[in-house]
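A short worksheet on the structure shown next.
Note that the coordinates shown come from a computational prediction; the quantities given were computed from them, not determined experimentally. As a basis for the values below, the full set of heavy atoms in this structure was taken, side chains included, without hydrogen atoms, waters or symmetry mates. Order of the sequence lines fixes the chain letters, A, B, ..., with proteins taken first and strands second; residue numbering starts at 1 for each chain.
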Amino acid sequence: MNPLFQMLSGQNPVNAIVQRFQQFKQSFHGDPKQQVEQMLASGRITQAQYNNAVQQAQQLMNLINRK
Amino acid sequence: MALEDNGIPMNMPVMPAGGSGNMFGDNGWWIILLFILLGGWGNGFGGNGMNQMYPWMNNSQQMNEGFRDQFLNSQIVGLQGGLVDIQNAITQQGFAMQSQLSNCCCENRLATVQTQNVVQQEGALTRQAIQAQTQAILDKMCQQEIDNLKAQNLELQNRVNMQNLAASQVAQTAQLIADNTAQTQYIVNRVAPYPIPAYTVANPVTPAATGT
């Protein structure tokens, strides 16, 4: 078993995150793209915060793709 | 505010090329939204309350939506905790791998030295065995050469002895023949003697003697 998973009590953290992500999606009603655009347009989040979120999302996708 | 004017790509930047093959599929905007919400707590958004971060909640504050939002909030907290756990695990694993690599390096060096010692010992033993075998072969060949020379020497001695014996026989035979001849001549002289001139004279019928 991957020693990384062993350190996480034998659970695959990626699968756990995916499961929670699916639950998050099901609980959220609306268009995520529209919500992000609205927050950016209304100034609730800054361009830097948006860019940071994009970067983190890319890192997460890389992690998921390497799994 | 137009998104294009700020340089924000309209295509999802984290969208994989083969989106259908990814476990998140085409959920890139979901992930960005999620990280925006996650970043909100860490960057001071929390102070604005749910109404600021979740504007879609402002429209109707019905009870069932309240429960739904609470559940949504708990899901986000869980995701955040999961990411932190992964980060901590990766960090710990990095340290562990560093230690393992260092230990592995030492073990490899030790194993290399031990292997060198074994090879050297085996090489020395092999050389000694080869030298011993070579010496044994040389000794054997030398002994065979000595035996061969001894046999040749014995054969030559026998030949010399035979030659000496043959020469002795010839001399003895010649001596016996000469003695036998002398005795025969003595017997003949005694049995049928014939005159023996007292001295030798010239031929009386030669011209010198007759004066012609």
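- Using a 4.5 Å heavy-atom threshold, the side chains of B:L33 and A:M39 count as touching.
- Counting heavy-atom neighbours within 6.0 Å of B:Q133 CD, excluding the residue itself, gives a total of 12 or less.
- More than 12 heavy atoms of other residues, nucleotides or ligands shown are found within 6.0 angstrom of CD on B:Q152.
- To the nearest 0.5 Å, atoms CD (A:E37) and CH2 (B:W29) are separated by 5.5 Å.
- Rounding to the nearest 0.5 Å gives a distance of 11.5 Å between CG of A:N52 and CD1 of B:I32.
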